[in-house]
Number of protein chains: 2
Amino acid sequence: MDIEALCAENGLRLTKPRRVILQVLAGMDDHPDAAELHRRVIEIDPGIALATVYRTLRLLEEKGILEKHRFGDGPARFESADHPHHDHLINIETGDVIEFRSDEIERLQEEIARRHGFSIVSHRLEIYVRPKK
Amino acid sequence: MDIEALCAENGLRLTKPRRVILQVLAGMDDHPDAAELHRRVIEIDPGIALATVYRTLRLLEEKGILEKHRFGDGPARFESADHPHHDHLINIETGDVIEFRSDEIERLQEEIARRHGFSIVSHRLEIYVRPKK
DNA sequence: TTGTATGCAAAATGTTTGCAGACTG
DNA sequence: CAGTCTGCAAACATTTTGCATACAA
């Protein structure tokens, strides 16, 4: 994620809070919620407000740079949209999230939408699982 | 949904609020949220509290009698789990929900979970769509 | 009669917003 | 310098909870 390019392209000011938040987002390989991201952010700059994290997350989601998920109840969780589309297995015993991708399933979804006269805007497939005994 | 049997089986008291809420749930063919259900409930008995609706919904979801969905942001929405499993197409222009089912997709999900060493507890597939021009 | 269920209001949770001041371009 | 961003606190939306009372079994 090239931070400066990203802001320039979208007519956004490259402020210090944004630099820090984008740095944290670039360095994440999990699916944290806003509070967890804020924790990581204030470790770098303790002055940054949770509201700013929310505002930035919203902005980035609108620009398609982040994906927002609602796994089960609780706060929304985020991941960067810079890697190709995939779906999620959620281990309900640990909360861990495993990414997977099935072209076959993607194809079937297209077909279903088409059959109903729609085109797909986005979709979400979550499989809640438990380790097999 | 046989209301009395349902309560008896689960060790629940058949109170007036529960009777009314279950009646409303039985007569629904859409995917309303708690506030909407409460509106329908107080049309029958104006004294029933929103908190009771929430408590009852939670109970029924835990018993597997209701399914709770989180389509996009906003409040959770419910549907009765008395008809066979299916997934949802959500028309983002109207908010309408269309149910569908694909055995092929179900099968592929099983396979994916198994390949990762898990068994499926539940899953959720939502396709957000727009009418094709 | 005993414990479960209810209504009400308050609390909890997650997120957004108004505002006055700070900072970027 | 103009207009965007920020921190803060308050507002908001949804859901849960504590408590005294009502009610089903």
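As the structure is a computational prediction, the values presented were derived from the model and not from experiment.
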#### Entry: Distance, rounded to the nearest Å, where A/Leu59 contributes CG and D/dT4 contributes P
13 Å
### Message
Nearest whole Å is fine: how far is D/dT17 C1' from B/Leu57 CG?
### Response
16 Å
### Query
Between the side chains of B/Glu99 and B/His31, is a donor N or O closer than 3.5 angstrom to an acceptor N or O?
yes
### Query
When you check the side-chain N and O atoms of B/His86 and B/Glu79, is any donor under 3.5 Å from an acceptor?
yes
#### Entry: Side-chain ion pair, A/Glu61 and A/Arg58, N-O less than 4.0 Å
no
### Query
Just checking B/Ala35: base, sugar-phosphate only, or nothing, at a heavy-atom cut-off of under 4.0 Å?
nothing
### Task
Could you check whether B/Arg55 gets within reach of a base, just the sugar-phosphate, or nothing at all, counting any heavy atom under 4.0 Å?
base
#### Entry: Contact residues, residues 42-50 of chain A to DNA chain D [heavy atom, < 4.0 Å]
A/Gly47, A/Ile48, A/Ala49
### Query
On DNA chain C, which is the earliest and which the latest nucleotide, 5' to 3', with an atom closer than 4.0 Å to a heavy atom of chain B?
C/dG3 to C/dC8
[Y] side chain reached by [X] side chain, heavy atoms, under 4.5 Å:
| X | Y | value |
| --- | --- | --- |
| A/Leu60 | A/Leu22 | yes |
| A/Phe78 | A/His69 | no |
| A/Val41 | A/Asp45 | no |
| A/Val97 | A/Asp30 | no |

### Query
Are there more than 12 heavy atoms of other residues, nucleotides or ligands under 6.0 Å from atom CD of A/Glu43?
no
For residues 124-132 of chain B, dump all side-chain donor-acceptor pairs below 3.5 Å to protein atoms at least two apart in sequence or in another chain.
{"from": "B/Arg124", "atom 1": "NE", "to": "A/Glu126", "atom 2": "OE1", "distance (Å)": "3.3"}
{"from": "B/Glu126", "atom 1": "OE1", "to": "A/Arg124", "atom 2": "NE", "distance (Å)": "3.1"}
{"from": "B/Glu126", "atom 1": "OE1", "to": "B/Tyr128", "atom 2": "OH", "distance (Å)": "2.6"}
{"from": "B/Tyr128", "atom 1": "OH", "to": "B/Gly72", "atom 2": "N", "distance (Å)": "3.1"}

### Message
Closest approach to the side chain of A/Ala51, judged atom by atom: which nucleotide of D/dC8, D/dT15, D/dC5 is it?
### Response
D/dC8
### Query
Closest heavy-atom contact between B/Ala34 and B/Leu57?
CB-CD1, 3.9 Å
### B/Ala81 versus B/Gly64, closest heavy-atom pair with distance
CB-O, 3.5 Å
### Task
Could you tell me whether a side-chain N or O of A/Arg18 sits under 3.5 Å from a main-chain N or O of A/Thr56, the two making a donor and an acceptor?
no
### Task
Could you tell me, to 10°, how much the axis swings from one end of the helix from C/dT1-D/dA25 to C/dG25-D/dC1 to the other, five pairs per end?
30°
Using nucleotides 23-25 of chain D, report all nitrogen or oxygen pairs with the protein that are shorter than 3.5 Å.
{"from": "D/dA24", "atom 1": "N3", "to": "B/Arg13", "atom 2": "NH1", "distance (Å)": "3.2"}
{"from": "D/dA25", "atom 1": "OP1", "to": "B/Leu14", "atom 2": "N", "distance (Å)": "3.3"}

### Message
For A/Pro17 and B/Tyr54, find the nucleotide of DNA chain D closest to each by heavy atoms; which residue's nucleotide sits nearer the 5' end?
### Response
A/Pro17
Atom pairs and distances, donor-acceptor, side-chain atoms in residues 105-114 of chain A, under 3.5 Å, two or more places apart:
{"from": "A/Glu106", "atom 1": "OE1", "to": "A/His123", "atom 2": "NE2", "distance (Å)": "3.2"}
{"from": "A/Glu106", "atom 1": "OE2", "to": "A/His85", "atom 2": "NE2", "distance (Å)": "3.1"}
{"from": "A/Arg107", "atom 1": "NH1", "to": "A/Glu111", "atom 2": "OE1", "distance (Å)": "3.4"}
{"from": "A/Arg107", "atom 1": "NH2", "to": "A/Glu104", "atom 2": "OE2", "distance (Å)": "3.2"}
{"from": "A/Gln109", "atom 1": "OE1", "to": "A/His123", "atom 2": "ND1", "distance (Å)": "2.9"}
{"from": "A/Gln109", "atom 1": "NE2", "to": "A/His123", "atom 2": "ND1", "distance (Å)": "3.4"}
{"from": "A/Glu111", "atom 1": "OE2", "to": "A/Arg115", "atom 2": "NH1", "distance (Å)": "3.2"}

